[in-house]
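Convention: sequence-line order gives letters A, B, ...; per-chain numbering from 1. What you see is a predicted model, and the numbers here were worked out from it, not measured in a lab.
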Amino acid sequence: MQRTHTCGALRASDVGSTVTLTGWVATHRDLGGFRFVDLRDRFGVTQVKFDPADDAALFDASGELRPEWVIAVTGTVVSRGNNANRDMATGDVEVAVTGLEVLNRSVVPKFPIRDELDASEELRLEYRFLDLRRRPIQDRIVKRAEATFSARRLLHEEGFLELETPFLTRSTPEGARDYLVPSRVHPGEFYALPQSPQLFKQLYMVSGYDRYYQIARCFRDEDLRADRQPEFTQIDIEMSFADESAVQALAERLMVRVFADVLDVAIEAPFPRMAWREAMDRFGSDKPDVRFGLELCDVADLVEATEFGVFRSVVAGGGAVRGLRVPGGADRSRKQIDALEAVAKRHGAKGLAWAKVDGEAWTGPIAKFFPDGTRDSFASRMGAESGDLLLFVAADEEQALNALGQVRLALGRDLGLVDASRWAFLWVTDFPLLERDEDEGRWVARHHPFTSPVAEDVPLLESDPGRARARAYDLVLNGFELGGGSVRIHDMGVQEQMFRHLGIGQAEAEEKFGFLLRALHHGAPPHAGIAFGLDRLIMLMTGATSLRDVIAFPKTASASCLLTAAPSPVDDRQLETLHLARAGAAQRED
RNA sequence: GGGGUGGUAGUUAAGUCGGUUAUAACGCCGGCCUGUCACGCCGGAGGCCGCGGGUUCGAGUCCCGUCCACCCCGCCA
């Protein structure tokens, strides 16, 4: 039986027509005299009715139907009259069944296929094929497909080519841990799965394919989070003869198009720009959620006048003291403030100092260290008024900003300051090019080693590498890093200089990146690009709180797939073929 | 690598100070029911209390270890 309509299609205007529907038995209601079945497919649900007055044999046969059986029914569309269900799109009608075919039976499912969550996530992941039948998950997966289609359409219109890059590629020293693939043909050698198609898309530019994009799978063997999966998808873009403004403008058109197509939401572009330094100083984050205020404040220069030894010694040691004013926050309980301190400590602060402003006076544990005449300077700097709560973190600058930035986010949530209906896009620009890796005692690229320095900062590479800025930009949405990119180095000499500053010697550079350096020797055009985290984008667009909810077959927090039970042991013959031997503890298993 | 939370019928959960037969709801099976829509009513079956060890006269409960899931820190250019 071929279906004539989907289960979401029938309306009052179809009354009288003969139709065939196919789908899954969502529920069956046996009233004795007749039976209703809700038939479900991905388009909706339609009620079908078995009535012995219509066909006694068919009525008997319908008695064995159970949830998740796959059936086809033929019948007449009839009006439900006064019994219409206003909660269903198809609720005005039902199908009076005259023909039933059981296409497949189902065992009793481990959990019911309902919109409301009734099963643990562990079970849902093990029976993912059932979970994916549920409407809320299905909506997100469908929106994901719509978003990629929308992106492809726009990029195609703008003259971009969708080009592929290899999955089996070379391990490179910088960045995240690689997933390795042993070579059978080359004993002891390994491919790496790409952390991103970065180098290949640059090579495409050198080859003259001047507008590239790819919906690219990327792999990083690092520990997981709710917003981090070991394999994830990027909308990856590269453009020749383009600078940051061209890439950003394209990215804005892309976001505007995708939000319009998928959510029917009009995003305003251009998006605001903010320098990294400003983002850190004002919000304590390089991906600030700018949907609410509660900005940070530098008070280091004011502490010398106080008697607070903790602050004074931190400042004397070259550290920072940052403050955060919570308007009307004096009503926060001790327990609530303790919870904020726990947030600060978790993110690297030694503690969270606080005072409540009561007219001219302060109350709280640190109040006694701020004698008359010292409080005014803080109050005016922070804009404090009576009834406010003042919070302070003293630490080295990076820790102080990060800890207080996290306290700010916690407060934003607790105080309900976040307008969930807003889409607050923001470009963060002027990132530092390099950052110090104290463990290895060297400078490392903050973005990646192919990011161009700001031209006027090139001399700083010699004199003060930490102050050199990158021609890099991140796109931030509601406090999440949605994407990032940069203008690339297309000059061989600058690239070699970068490698030198990163402690990558000429021989190593030649061995690891020789192909890129050779390419840059052969007429590399200026080029720039960006990559968006598709999974995160869909997560934000659908209001999901975990990447697992927008990936059809995700991994658990320990990078396992509960559906397939991957990863799994392999037998010794497979290992031999790959010239691998078990080591240590793994040797004793199976 | 570290910290936190959880694991008890098919599922979701309750289980007191360690006590005798481990509860409930939903689901499942059987019966009844002609307007339900998470139909309703009556009855029934269903347990390796994650796993291993220990303490105890006695452990779902206390202790140690371990596995799995989730959240966070480190890590993730």
Check: Salt bridge between A:E68 and A:R40, side-chain N to carboxylate O under 4.0 Å?
Finding: yes
Check: Of all the nucleotides listed (B:rU36, B:rC70, B:rG1), which has the minimum atom distance to the side chain of A:L31?
Finding: B:rU36
Check: Whole-Å distance between B:rC71 C1' and A:D227 CG?
Finding: 12 Å
Check: What nucleotide, of B:rC73, B:rG35, B:rC76, holds the atom closest to the side chain of A:H347?
Finding: B:rC73
Note to self: I need the CZ-C1' distance between A:R35 and B:rC33, as an integer number of Å.
What the structure shows: 11 Å
Margin query: Nearest heavy atom decides the nucleotide; on that basis, is A:Q406 or A:A559 closer to the 5' end of RNA chain B?
Written below: A:A559
Notebook entry, point to check: Do A:R66 and B:rG27 share a donor-acceptor pair, side chain to base, under 3.5 Å?
Noted result: no
Notebook entry, point to check: If you look at every strand shown and take non-hydrogen atoms under 4.0 Å, does A:L224 touch a base, only sugar-phosphate, or nothing?
Noted result: nothing
Notebook entry, point to check: Distance between the P atoms of B:rC67 and B:rA59, in whole angstroms?
Noted result: 26 Å
Notebook entry, point to check: Looking at B:rG50, does its base get a donor-acceptor pair with the side chain of A:E122 below 3.5 Å?
Noted result: no
Check: When you compare B:rU66 with B:rU21, how far apart are their P atoms, in angstrom units rounded to a whole number?
Finding: 34 Å
Check: So does A:K512 have more than 12 non-hydrogen atoms from other groups sitting under 6.0 Å from NZ?
Finding: yes
Notebook entry, point to check: A:E94 CD to B:rG35 C1': how many Å, rounded?
Noted result: 8 Å
Notebook entry, point to check: A:D30 CG to B:rU34 C1': how many Å, rounded?
Noted result: 11 Å
Notebook entry, point to check: In whole angstrom, what separates A:F50's CZ from B:rG35's C1'?
Noted result: 16 Å
Check: With centres under 5.5 Å and planes under 30°, do A:F34 and B:rU34 count as stacked?
Finding: no
Next item on the list: May I ask you to say what A:S120 touches in the nucleic acid, namely base, sugar-phosphate or nothing, with a heavy-atom cut-off under 4.0 Å?
Entry: sugar-phosphate
Notebook entry, point to check: Does B:rA22 pair with anything, Watson-Crick or G-U wobble, both distances under 3.5 Å, and if so, with which nucleotide?
Noted result: none
Next item on the list: Identify the nucleotide, in any strand shown, that forms a Watson-Crick or G-U wobble pair with B:rA9, with both distances under 3.5 Å; if there is none, say none.
Entry: none
Next item on the list: Could you work out which one of B:rA69, B:rC72, B:rU11 sits closest to the side chain of A:K110?
Entry: B:rU11
Margin query: Between A:Q506 and A:E510, is there a side-chain heavy-atom distance shorter than 4.5 Å?
Written below: no
Next item on the list: Using a 4.0 Å heavy-atom cut-off across all strands, classify A:G33 as base, sugar-phosphate, or nothing.
Entry: base
Next item on the list: With C1' as the reference atom in both, quote the distance from B:rU8 to B:rU61 in angstrom, rounded to an integer.
Entry: 11 Å
Margin query: Distance check, C1' atoms only: B:rG30 and B:rC37, in whole angstrom units.
Written below: 24 Å
Notebook entry, point to check: Within this structure, what is the CG-to-C1' distance between A:D178 and B:rC76, rounded to whole angstrom?
Noted result: 12 Å
Note to self: For the C1' atoms, the ones on B:rU12 and on B:rG46, what distance do you get once it is rounded to whole angstrom?
What the structure shows: 16 Å
Margin query: Under 4.0 Å, counting only non-hydrogen atoms across every strand here, what does A:R177 touch: a base, just sugar-phosphate, or nothing?
Written below: nothing
Notebook entry, point to check: At under 4.0 Å between heavy atoms, what does A:D38 touch on the DNA or RNA strands: base, sugar-phosphate, or nothing?
Noted result: sugar-phosphate
Notebook entry, point to check: Does a donor on one side chain sit under 3.5 Å from an acceptor on the other, for A:S486 and A:R488?
Noted result: yes
Item checked: Polar pair under 3.5 Å, donor/acceptor by atom type, side chain A:N82, base B:rG35 -> no
Check: Is there a donor and acceptor pair closer than 3.5 Å between the side chain of A:R124 and the base of B:rU11?
Finding: no
Next item on the list: Would you indicate what A:E126 reaches in the nucleic acid, counting non-hydrogen atoms under 4.0 angstrom: base, sugar-phosphate, or nothing?
Entry: nothing
Notebook entry, point to check: Between B:rC26 and B:rA14, how far is it from one C1' atom to the other, in whole Å?
Noted result: 15 Å
Next item on the list: Determine which nucleotide pairs with B:rU16, using a 3.5 Å limit on both distances of a Watson-Crick or G-U wobble pair.
Entry: none
Item checked: Rounded distance in Å between the P positions of B:rC33 and B:rC42 -> 16 Å
Note to self: Without decimals, in angstroms, what is the distance between A:L123 CG and B:rG50 P?
What the structure shows: 16 Å
Item checked: Pairwise C1' distance, B:rG27 and B:rC39 [rounded to whole Å] -> 16 Å
Note to self: What's the closest nucleotide to the side chain of A:N83 if the choices are B:rC73, B:rU36, B:rU12?
What the structure shows: B:rU36
Margin query: Looking at A:R29, I'd like to know whether one of its side-chain N or O atoms comes within less than 4.0 Å of OP1 or OP2 on B:rU36.
Written below: no
Next item on the list: Measure from the side-chain heavy atoms of A:R228 and tell me the nearest of B:rC75, B:rC70, B:rC37.
Entry: B:rC75
Check: Between A:D51 and A:T556, which has a closest nucleotide on RNA chain B that is more 5'?
Finding: A:D51
Next item on the list: Give A:R80 one of three labels, base, sugar-phosphate or nothing, depending on what nucleic acid heavy atoms sit under 4.0 Å from its own.
Entry: base
Notebook entry, point to check: Which is true for A:D118 with a 4.0 Å heavy-atom rule: it touches a base, it touches only sugar-phosphate, or it touches nothing?
Noted result: sugar-phosphate
Next item on the list: Say whether A:Q138 and A:R135, considering side chains only, have a donor N or O and an acceptor N or O under 3.5 Å apart.
Entry: yes
Check: Atom CG of A:D549 to atom P of B:rC70: distance rounded to whole Å?
Finding: 11 Å
Note to self: Regarding A:K287 and A:E481, does a basic nitrogen lie under 4.0 Å from an acidic carboxylate oxygen?
What the structure shows: no
Check: Is the shortest distance from a Lys or Arg side-chain nitrogen in A:D131 or A:R128 to a carboxylate oxygen in the other one below 4.0 Å?
Finding: yes
Notebook entry, point to check: Does OP1 or OP2 of B:rC68 have a side-chain N or O of A:S558 closer than 4.0 Å?
Noted result: no
Item checked: Interatomic spacing from OH in A:Y212 to NE2 in A:H527 - rounded to 0.5 Å -> 12.0 Å
Notebook entry, point to check: Does some side-chain heavy atom of A:R29 sit less than 4.5 Å from a side-chain heavy atom of A:L31?
Noted result: yes
Check: With both distances under 3.5 Å as the test, what is the Watson-Crick or G-U wobble partner of B:rC32?
Finding: B:rG40
